[in-house]
Amino acid sequence: MQRRRFLALAAGIATLTGMGALKLFPSRLLAQPEFPIPRQKTFRVINTFPHDPAAFTQGLLFHDGYLYESTGGWGSSSLRKVELTTGRVLRKRNLPPQYFGEGLALWGYRLIQVTWKSGTGFVYDLDTFDQLETFSYPGEGWGLTQDEQGLILSDGSHVLRRLDPYTFQETGRIAVHDQGRPLRGLNELEYIEGEIWAKIFPTDEMVRIDPGDGHVMARVDLSGIFGPRRRSSEAVPNGIAYDPEKQRIFVTGKLWPVLFEIEVVPRK
């Protein structure tokens, strides 16, 4: 159970209402929760798989034995179906050159892909990659995942937006924080066993987020996972996928030649 502390405020404070307008509250004692320090985690490599070193990975998910990947780059963005064990691209759809591919999610039999700066998303048939529709959203698109309620979108800030998976209208927000401090740079997302996992750009770190109140439950340091291989400054970790049937966690990075299956373990 969270402990609570009380702060005496000498002046009125302003806060944002759900409609975005400022509302003033008079001076009074306000209860504020104290959140636990995030658990510090690292990784153990369980398995490695080939990965296309030309894939600028932005979104990744695992479904029915296959990886589905969204890659970025102006003129080189794509949607892919990938064979896990070989890294072979089984199906590919290129995006028009004006779009920079970003996060990817699955809702039913529809793959949903967002783009970086264009405010445009695409919906595809899972089996054929035929484009079913487009949609718009304000701001940038970075990561995308889904839970039981709908889609969850990151835009590089500390705020995750909930979207209706059919209308794509915003239905809510999650302000992500580490012990009350906003945590920015939220990028690639994956929903794993009731938690939102997020890659923090441009670091080698992932965080595990409580979707109820947005607090960071754990930090997972991926430093050293790439080993002695040389990588460019762009080749940062990005791409988290989860196999719920076998409880496998996969991670890779932009322009990485390998995809890792990992176990998250306490850091000593």
Side-chain angles (χ1 to χ4, degrees), residues 1-25 27-42 58-59 102-103 105 114-117 119 137-147 149-163 169-192 194-223 236-240 251 254 264 267:
M1 180 179 294
Q2 295 175 351
R3 294 176 296 130
R4 292 182 176 272
R5 58 190 172 90
F6 292 88
L7 298 179
L9 301 182
I13 62 170
T15 187
L16 286 174
T17 69
M19 298 301 293
L22 282 172
K23 182 178 180 181
L24 292 176
F25 288 85
S27 300
R28 63 174 180 264
L29 294 176
L30 294 180
Q32 296 188 352
E34 276 190 1
F35 295 95
I37 297 173
R39 300 186 299 274
Q40 301 300 308
K41 302 284 187 177
T42 185
Q58 299 289 72
E102 287 281 350
V114 293
T115 56
W116 183 18
K117 293 185 174 182
Y137 50 89
E140 296 184 355
W142 286 40
L144 192 70
T145 190
Q146 71 291 314
D147 64 3
Q149 299 180 45
L151 302 175
I152 303 170
L153 173 71
S154 67
D155 59 10
S157 72
H158 74 288
V159 175
L160 299 176
R161 286 180 268 167
R162 289 191 173 276
L163 304 180
Q169 296 300 303
E170 185 175 316
T171 60
R173 294 191 171 196
I174 303 168
V176 178
H177 58 93
D178 182 342
Q179 300 178 81
R181 296 182 296 273
L183 181 63
R184 297 175 175 84
L186 303 174
N187 195 8
E188 157 73 339
L189 305 175
E190 183 74 7
Y191 188 72
I192 301 178
E195 303 173 357
I196 302 171
W197 291 41
K199 177 66 189 59
I200 305 302
F201 180 82
T203 73
D204 287 346
E205 193 172 45
M206 298 188 300
V207 293
R208 295 163 55 178
I209 302 162
D210 183 334
D213 56 21
H215 88 272
V216 173
M217 304 166 63
R219 288 179 172 267
V220 184
D221 186 2
L222 296 176
S223 299
V236 297
N238 209 35
I240 313 167
V251 295
K254 303 176 182 181
V264 171
R267 190 170 69 182

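- Proximity of a side-chain donor or acceptor of Q179 to a complementary backbone N or O of H177 within less than 3.5 Å is not detected.
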Show the numbers, then the answer: is there a side-chain contact (heavy atoms from CB on, under 4.5 Å) between I192 and R208? CA-CA 9 Å; I192 301 178; R208 295 163 55 178; over 6 Å; no

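- Contact record, P237 with L222: CB-CD1, 4.4 Å, taken as the closest heavy-atom pair.
- A 4.5 Å side-chain heavy-atom check between T171 and Q149 finds every atom pair outside the cut-off.
- Between E102 and W142, the side chains place no donor N or O within less than 3.5 Å of an acceptor N or O (distance only, hydrogens not considered).
- Atom NE2 of H215 is separated from atom CD1 of I37 by 11.5 Å, given to the nearest 0.5 angstrom.
- At least one side-chain heavy atom of L186 sits under 4.5 Å from a side-chain heavy atom of I200.
- Taking the side chain as every heavy atom from C-beta outward, L163 and E170 approach each other to under 4.5 Å.
- Looking at heavy atoms from C-beta onward, E190 lies out of side-chain contact with M206 at the 4.5 angstrom threshold.
- Between the side chain of T145 and the backbone N or O of Y191, at least one donor-acceptor pair lies under 3.5 Å.
- The side-chain heavy atoms of F35 and D213, taken from C-beta on, include a pair separated by under 4.5 Å.
- To the nearest 0.5 angstrom, E195 atom CD is 12.5 Å from D147 atom CG.
- Looking only at distances, a side-chain donor or acceptor of E188 sits under 3.5 Å from a matching main-chain atom of I240.
- Atom OH of Y137 is separated from atom CG of L151 by 11.5 Å, given to the nearest 0.5 angstrom.
- Looking at heavy atoms from C-beta onward, R219 lies in side-chain contact with L183 at the 4.5 angstrom threshold.
- Residues W197 and V251 fail the side-chain proximity criterion, which asks for heavy atoms closer than 4.5 Å.
- By the salt bridge (charged side-chain N to carboxylate O under 4.0 Å, His left out) test, D221 is found to be paired with R267, residues two or more places apart in sequence or in another chain being considered.
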side-chain contact (heavy atoms from CB on, under 4.5 Å) between D178 and V207, intermediate numbers included: CA-CA 10 Å; D178 182 342; V207 293; over 6 Å; no

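- Of all the heavy atoms in R162 and P211, the pair that sits closest is NH2-CB, 4.1 Å.
- Between the CG atom of N187 and the NZ atom of K199 there is a distance of 7.0 Å, given to the nearest 0.5 Å.
- Contact detail for L153 and L189: the closest heavy-atom pair is C-CD1, 4.1 Å.
- Separating the CD1 atom in I196 from the CD1 atom in I152 is a distance of 3.5 Å, to the nearest 0.5 Å.
- Between the side chain of S154 and the backbone N or O of L160, no donor-acceptor pair lies under 3.5 Å.
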